[in-house]
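Worksheet: one structure, shown below.
Nothing fancy with the numbering, it's 1 onward along the sequence. When a ligand or atom number is given, it counts from 1 through the structure's own listing order. Both backbone and side-chain heavy atoms feed into the values below; hydrogens, waters and symmetry mates do not.
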Amino acid sequence: MSAKLIDGAALAKQLLAELGERVAALRARGCQPGLAVVLVGDNPASAVYVRSKQRACEAAGLNGRDIRLPATLAQDELVAVIDRLNADAAVHGILVQLPLPPHIDAARVLQRIAFAKDVDGFNWRNLGALVDGHPTLVPCTPAGSMLLLERSGVPIAGKHAVVLGRSTIVGKPAALLLIERHATVTLCHSRTPDLTVHTRAADILICAVGRPRMVTADMVKPGAAVIDVGINRLPDGKLCGDVDFEAVAEKAGWITPVPGGVGPMTVAMVVSNAVAAAEKSLAAL
Ligand code: NDP
């Protein structure tokens, strides 16, 4: 492979160590940062994500609070849990693991989280701040993707970035963050005709589609930085990204693997947002 491998696991470990120093500084000022992770139901994939977030909290010295609730929980009961966490001074960050059971209105629950504790960055006030060029708590996956680019020395300003996918969780905020760093951005989605015309022009290509190995080598500009956000499970149980890794790695300048790329960085950014929220709560006193 000729591309430089962007090792998300190693960069996430480094970030957690740096966050550990900020947590120690907060503790010295009498503030123990706390992150509450709420899991409703027993979706095994969600349980794995929650465990990885708890482990990251431990690694950085945060107080992780694990709140497990039954799948039959009524919407109002979940809202009441959020309200209690909003009012709890020992909790600086709140994360509700998605997906929620179908009888619960996820948007209503997510918007109930106080914007100052919204470590996922999905609160409309935080998203609005990002649109207005004043990022506060930024969605973790795109924020982690940006850090992977920056720490790998990928030039961003003045470059052409193409984002595949327009979700609120990944694609849209990724485009906004790239604009903030002075990239020229094209956002593609399922109605974009001739995707390859766009992807081939990309110096930076962010793939957040959810289709296994959809991005093939002929779609990539030689030397491009390719960030593969996709997590897809193949029929044999193995994970793969949205990018045909082996072939694209021969053509790209930088590439993230799946697993071990964006995933660990996303988890570390949850902790990063919780630490930032704790720091801000002290500053507000
Ligand atoms: P969504 O399903 O919400 O969005 C997918 C986007 O891809 C949509 O905008 C859709 O377009 C677009 N799309 C679908 N098919 C095509 C196509 N053939 N050509 C171009 N665009 C297409 O997914 P998410 O954004 O939530 O997640 C995307 C992927 O990233 C998933 O694999 C998910 O598992 C993974 N993920 C990984 C994370 C991590 O930590 N690594 C975190 C979050 C997600 P349209 O809007 O027109 O339907």
- [ ] Kindly check if the number of other-residue, nucleotide or ligand heavy atoms within 6.0 Å of CZ (F245) is above 12?
- [x]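 Atom CZ in F245 is crowded, with more than 12 foreign heavy atoms closer than 6.0 Å.
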- [ ] Go through the structure and list residues passing side-chain hydrogen bond (donor to acceptor under 3.5 Å, both in side chains) with K117, not counting sequence neighbours.
- [x]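 Checked K117 against side-chain hydrogen bond (donor to acceptor under 3.5 Å, both in side chains); zero matches.
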Open item on the list: Under the rule for side-chain hydrogen bond (donor to acceptor under 3.5 Å, both in side chains), what residues qualify as partners of H160, not counting sequence neighbours?
Closed with: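 By the side-chain hydrogen bond (donor to acceptor under 3.5 Å, both in side chains) rule, H160 matches T186.
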Cut-off 3.5 Å, no hydrogens considered: what does the side-chain donor-acceptor table look like for residues 163-183, sequence neighbours left out?
unit_1, atom_1, unit_2, atom_2, d
S167, OG, V170, N, 3.0
R181, NE, E150, OE2, 2.5
R181, NH2, E150, OE2, 2.8

Open item on the list: Taking the side chain as everything from C-beta on, heavy atoms only, tell me whether L100 gets closer than 4.5 Å to L98.
Closed with: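 When only atoms from C-beta onward are counted, L98 and L100 do touch, with a gap below 4.5 Å.
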TODO: Please check if any side-chain donor atom of T136 sits under 3.5 Å from a side-chain acceptor atom of N126, or the reverse.
DONE: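 There is such a pair (donor and acceptor under 3.5 Å, judged by atom type) between the side chains of T136 and N126.
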- [ ] Run through ligand 1 for me and note each protein residue having a heavy atom under 4.0 Å from it, chain first, then residue number.
- [x]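 If the criterion is a heavy atom under 4.0 Å, then ligand 1 touches T141, G165, R166, S167, V170, H189, S190, L195, A208, V209, G210, R211, M214, V229, G230, I231, N232, V262, G263, T266.
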